[in-house]
Number of protein chains: 2
Amino acid sequence: MADLKQIEIARLAGVSQATVSRVLKGDPQVNDEMRERVLAVVQELGYVPDARAQSLRSQRTRLLGLVVHRAPDALAGDPFFSALIASIIEQAGRHDYHLCVDTARTARSQRAIYEELLRTRRVDGLILVESETHDKRIERLSCEGFPFVLIGRYDPADAVCSVDNDNVGAAFMATDYLLRTGRRRIAYIGGPAGLTVTRDRLQGYKNALESHGVGYDPRLLAFAEFTERSAASAMAELLSLTPPPDAVVGLDDLIALSAMREAKRHGCRVPDDIAFIGFNDSPLCRYVEPSLTSIAVEIPVLARKAAEMLIALIEGREPQPKRQIVPARLVKRESA
Amino acid sequence: MADLKQIEIARLAGVSQATVSRVLKGDPQVNDEMRERVLAVVQELGYVPDARAQSLRSQRTRLLGLVVHRAPDALAGDPFFSALIASIIEQAGRHDYHLCVDTARTARSQRAIYEELLRTRRVDGLILVESETHDKRIERLSCEGFPFVLIGRYDPADAVCSVDNDNVGAAFMATDYLLRTGRRRIAYIGGPAGLTVTRDRLQGYKNALESHGVGYDPRLLAFAEFTERSAASAMAELLSLTPPPDAVVGLDDLIALSAMREAKRHGCRVPDDIAFIGFNDSPLCRYVEPSLTSIAVEIPVLARKAAEMLIALIEGREPQPKRQIVPARLVKRESA
DNA sequence: TTGTAAGCGTTATCAC
DNA sequence: GTGATAACGCTTACAA
């Protein structure tokens, strides 16, 4: 069973080993009668070619690589990555590719992992997430001509293949929705001020206010760390304004959620007194009370497109366009 | 850069290609002077051996396989798998192994995936989760002598290598706690009835009832798929009983949460009218209202042990003991 | 101690 | 059309 190779099939079918290979590859040049004979033996013995030998010979492993920069416990709680992984696997599977996932916590181990995956040719291509603005890895991969696709933003945008969600558009969508439902004093709680996502979404927020002719009040802006407490205290401060905000756009679901809790603790009714919108449409949203309206960034779409692009690159097709933007989607629930 | 092989290193270092291989393998037989020469060239050119060639030659891919039986969207929201994946990767990495994750939704595709991973020798071993009581895959793998470790239970227990959390004990712990806090009509919502985890936890539930001398009422049992709707409708049915349950043990946090929401929608107060306990202590638990009491199964420990055992098997060491049990832990919150 | 050479199981290029 | 045969890049007897 274990040592079943083409040569064995060939012997039993009374043909040469090369013919077995041809039949398996679907070569149209082979005689029907021989094809039948070979396929019969293959079927009977359940022969499947050895991926290792194929990899060496074809210089292709049919393995996509994904490296995640999170400690295991951080990864564990993050719905983004599990969604990403699951969707990449699915899309890869359609093209008969598999996914190899690695984690790299420290900067050193990151370099090592990339080095390893790239140089050992263990994977045919890489999907990169959470890249920084000037990312050595990216320059490196570009130089080497190694196939890779970025999830996120990069400048110059057309230098690399990338997919991203439309952060400006997503925040516009959230704010616009609140304005349409009659809210006028809309606060924005961002994450750390340096993050591009914080800034992009702030931009979308401003755009929406402007498009409705609603004045922009800088006092309604707050920035929080990614902790419950930080978001809560930002919210407390916003509530001390007169008049207080009647809606809040939070950078992500956890921030929105923590803010919402704080508001409730101050006796606000949600959504009557104040509405809340988060981002990511994480599983959490459905389970809290009131359930949290959220802007879904379509991670499965993102992942599918990334995998699709990467496979195209690997197989020598130049993806067009090189940059794809996935629109966001409003998931309406009780909080707004 | 791309076509850098040992023979090239050998040429530049003025040695034979075999010597390069020996140096890289850390063979103590080689002359120090030669080793220096070779390593210098290796360093300078940043040579790394081709994993594909190594795989073919050594008959080892250094890849562990994990197959997950969930649709991508079900996987996406499930903290269990992300925790599992993350911890396996980490442990594997310590031994210079990588992880290949696949999903298989349908029974047919499951077979196909196993077939593929096993027969193509794409991975050196498999970690199996969510096995069923009489699992063809397991018999198959055993027959073939393919290295694999089960996360979960299997009979006879010493036929295969496995790690498991103490599901019977965990459910006992949950049910016992509810009984001690005065609950008497305790319902159990399992997952699909064939799953061993469903049955083991049912057993623990029954054991606890018995140990408290509380009668077992089969009407208080329900089985749900791993979807919100399914758990909710199971809960709705339980609520229609007279009298309704005063506590629910859910197979996992998501099931417990979905059930809890359904109960609240029916006007039940939690925990006053009805208490809820889930399993896994997922991040979600803290954010819902009321926060969910949960039995923590130590997934990282489970994953680490599984990976450790699998690697031992692959490398020809017989793990002792063949079965490892990881105890559970009660995390008390508001819902019970 | 180092070099030579025979595979590992495929695929692909030749002749026939 | 089909069958030898040479790679693919590495490991490892075996020879020197």
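To find a chain, count down the sequence lines: A is the first, B the second, and so on, and within it residues start at 1. Source: prediction; values computed, not measured.
In terms of phosphate contacts, A/Thr19 brings a side-chain nitrogen or oxygen within less than 4.0 Å of OP1 or OP2 of D/dG3. Considering only side-chain N and O atoms, B/Gln59 lies under 4.0 angstrom from the phosphate OP1 or OP2 of C/dG9. Under 4.0 angstrom from either OP1 or OP2 of C/dT11 there lies at least one side-chain N or O belonging to A/Gln6. Taking 4.0 angstrom as the limit, B/Lys25 places a side-chain polar atom (N or O) nearer than this to OP1 or OP2 of D/dT12. Contact check, A/Ser58 against C/dT11: no side-chain N or O comes under 4.0 Å of OP1 or OP2. The side chain of A/Gln54 places an N or O atom within less than 4.0 Å of a non-bridging phosphate oxygen (OP1 or OP2) of C/dT11.
If you find the closest nucleotide of DNA chain D to A/Ser16 and to B/Arg52, the one lying nearer the 5' end belongs to A/Ser16. The nearest heavy atom of DNA chain D to B/Tyr47 and to A/Val30 marks one nucleotide each, and the one closer to the 5' end goes with A/Val30.
Rounded to a whole Å, the CZ atom of B/Arg122 is 14 Å from the C1' atom of C/dG9. Across the protein-nucleic acid pair, A/Ile7 atom CD1 and C/dG7 atom P stand 12 Å apart, rounded to whole Å. Put simply, CG on A/Asn31 is 22 Å from P on C/dC16, counting in whole angstrom units. Rounded to an integer number of Å, the gap from A/Arg22 CZ to D/dT5 C1' is 12 Å.
In terms of polar N and O atoms assigned as donor or acceptor, the side chain of B/Arg57 never comes within less than 3.5 Å of the base of C/dG9 in a complementary pairing.
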